[in-house]
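Shown next, in structure tokens, is the structure this report addresses.
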Amino acid sequence: MAGHTIGREGILRSEIIIALSHLLDDPVNICRRNMHQTFEMLSELPAGSAALVDSDLLPLLVNKLESELEDIQVLILDTLHYCLKIDVVQALSAGAVDILKRKLTHPSVEIRSKAAYAIMQICVPLAGKDRVCQEEVVPLLIQLLEDSDSEVRANAAGSLMNITITTRGKYAAYHAGAIPKLLSLVNDSQSRVRLNCLKALTTLSEAPEGRNLLLKDVSLIQGCLADSSEAVRRAATIALQVIQWKP
């Protein structure tokens, strides 16, 4: 039923989300998998993700990331992707940052990528940025900039882009050596990686120490002015304006 919009709407009208959640601890793997697949499909609708959040299911889903089978963890991360657009506070209160931090080093590329994306979403509000700095997630994100998978690199750079908006985040990333790693990716084969790296470098350059370091390698960013992507060219232009700004 949840595979189609009409079916999802029917499930929402019948108010059976809480009843389905009783299967979270079912001993039969296929029962839990089907339940999580239903939740993931429901979450694709704004009303569905809102219903999951309103049912206070985010803490339960976050905690299940620690114990579930790998393929079910992927479904949970997909569900969180939509639910975090509605509410980050529930996830933060449930210790999501600490749990997602451990997923950043998971052997599965898919789980690493989706966990990094969830961190990026969590870092939109100030409370999320502060918690990620507090939990020392920044060094792990910087390590992921060297991941062999481009989506992992893009999501790690995107997380750093959000974190470094604050002064605390800027200096956490600066002292962990983010700038050289980000600069090495401004010519990455994937445009999303290039774009997120340029945006993160722009925010880092707002700190005097970051600007001084970037001025030494400004030619690397200047090369992005001829990028095939308009968004990357625009980001490079803004980055250069900030880096080369003089009072």
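Along the sequence shown, residues carry numbers from 1.
Judged by distance alone, the side chain of Gln90 and the main-chain N or O of Val53 form a donor-acceptor pair under 3.5 Å. No donor-acceptor pair closer than 3.5 Å links the side chain of Arg192 to the backbone N or O of Ala154. With hydrogens and angles ignored, the 3.5 Å screen pairs a side-chain donor or acceptor of Ser159 with a backbone N or O of Ala116. Listed for the Ser113 side chain is no donor-acceptor partner under 3.5 Å among the backbone atoms of Glu110. Counting only distance, with no hydrogens or angles, the side chain of Asp147 and the backbone of Arg153 share no donor-acceptor pair below 3.5 Å. Checked by atom type and distance alone, the side chain of Asp149 pairs as donor or acceptor with a backbone atom of Val152 at under 3.5 Å. Formation of a donor-acceptor pair under 3.5 Å by the Lys170 side chain with backbone atoms of Thr164 is found in this model.
The shortest side-chain heavy-atom distance between Gln73 and Ile111 falls under the 4.5 Å cut-off. Counting heavy atoms from C-beta on, the side chains of Cys133 and Ile163 come closer than 4.5 Å. Residues Leu183 and Leu214 meet the side-chain proximity criterion, which asks for heavy atoms closer than 4.5 Å. The shortest side-chain heavy-atom distance between His36 and Leu61 falls under the 4.5 Å cut-off. Two residues are said to be in side-chain contact when any heavy atoms from C-beta on lie closer than 4.5 Å; Thr237 and Gln241 meet this criterion. Within the 4.5 Å cutoff, the side chain of Gln222 has heavy atoms near those of the Leu240 side chain. Contact check for Leu52 versus Thr79: side-chain heavy atoms found under the 4.5 Å cut-off. Leu201 is listed as a side-chain neighbour of Val186, based on a closest heavy-atom distance under 4.5 Å.
For the pair Ile18 and Ser55, the tightest heavy-atom approach, listed with the atom from each and the gap, is CD1-CB, 3.7 Å. Closest of all the heavy-atom pairs between Lys129 and Ile165 is CE-CB, 3.9 Å. Heavy atoms only, all atoms of each residue included: Ala96 and Val62 are closest at CA-CG1, 3.7 Å. Shown here for Ala156 and Leu141, the closest heavy-atom pair between the two residues is CB-O, 3.5 Å. Across all their heavy atoms, Leu204 and Ala178 have their closest contact at CD1-CB, 4.3 Å. Closest approach of Tyr174 to Gly210, counting heavy atoms only: CE1-N, 4.1 Å.
Distance check, rounded to the nearest 0.5 Å: CG of Leu160 to CG of Asn196 gives 9.5 Å. One finds the CD1 atom of Ile86 at 8.5 Å from the CG atom of Asp54 (value rounded to the nearest 0.5 Å). One finds the CG atom of Leu60 at 11.5 Å from the CG atom of Leu65 (value rounded to the nearest 0.5 Å). Atoms SG and CG, from Cys224 and Leu198 in turn, are 4.5 Å apart once rounded to the nearest 0.5 Å. Note that CG of Asn155 and CG of Leu145 are 11.0 Å apart. Values are rounded to the nearest 0.5 Å. The distance from the NZ atom of Lys114 to the CG atom of Leu104 is 14.0 Å, given to the nearest 0.5 Å.
Residues Leu75 and Leu57 do not share a hydrophobic cluster, defined by chaining ILVMFWY side chains whose heavy atoms lie under 4.5 Å apart. Placement of Leu185 and Ile238 in two distinct hydrophobic clusters is found when ILVMFWY residues are connected by side-chain heavy-atom separations under 4.5 Å, directly or transitively. Linking ILVMFWY side-chain heavy atoms closer than 4.5 Å, directly or via other members, places Leu77 and Leu144 in a single hydrophobic cluster. Linking ILVMFWY side-chain heavy atoms closer than 4.5 Å, directly or via other members, places Val74 and Ile76 in a single hydrophobic cluster. Leu69 is connected to Leu100 through a chain of hydrophobic side-chain contacts under 4.5 Å among Ile, Leu, Val, Met, Phe, Trp and Tyr, so both are in one cluster.
When Val137, Val97, Asn162 are each tested for a side chain to side chain contact (heavy atoms under 4.5 Å, CB included) with Ile122, only one passes: Val97.
Taking the charged nitrogens against the carboxylate oxygens, Glu151 and Arg112 have no contact shorter than 4.0 Å, which rules out a salt bridge. Of the charged side-chain nitrogens involved, at least one lies within less than 4.0 Å of a carboxylate oxygen, so that Arg194 and Asp227 count as a salt-bridged pair. Salt-bridge check for Asp98 with Lys103: failed, with every basic side-chain N at 4.0 Å or more from each acidic carboxylate O. Using a cut-off of 4.0 Å between Lys/Arg side-chain N and Asp/Glu carboxylate O, Glu68 and Arg32 are scored as salt-bridged.
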Audit row: Ser21, Phe39, side-chain contact (heavy atoms from CB on, under 4.5 Å) steps and yes/no: CA-CA 9 Å; Ser21 70; Phe39 280 173; 4.3 Å; yes

With side-chain contact (heavy atoms from CB on, under 4.5 Å) as the test, would you mind laying out the steps for Asp130 and Gln134 before giving the verdict? CA-CA 6 Å; Asp130 286 343; Gln134 181 183 330; 5.8 Å; no

For Asp78 and Glu40, what are the C-alpha separation, side-chain angles and deciding distance, and is it a side-chain contact (heavy atoms from CB on, under 4.5 Å)? CA-CA 6 Å; Asp78 284 339; Glu40 190 280 326; 3.6 Å; yes

Determine whether Glu230 and Arg234 satisfy the following criterion, salt bridge (charged side-chain N to carboxylate O under 4.0 Å, His left out), listing intermediate values before the conclusion. CA-CA 6 Å; Glu230 181 182 351; Arg234 187 164 55 248; 3.5 Å; yes

Full working for side-chain contact (heavy atoms from CB on, under 4.5 Å) between Glu209 and Asn212: CA-CA 5 Å; Glu209 297 88 342; Asn212 291 336; 5.6 Å; no

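When hydrophobic residues (I, L, V, M, F, W, Y) are linked wherever their side-chain heavy atoms come within less than 4.5 Å, Met161 remains an isolated member.
Counting only residues at least two apart or in different chains, ring pair (Phe, Tyr, Trp, His ring centres under 6.0 Å) contacts with residues 84-142 comprise His81-Tyr117.
Around atom CD of Gln244, more than 12 heavy atoms belonging to other residues, nucleotides or ligands sit under 6.0 Å away.
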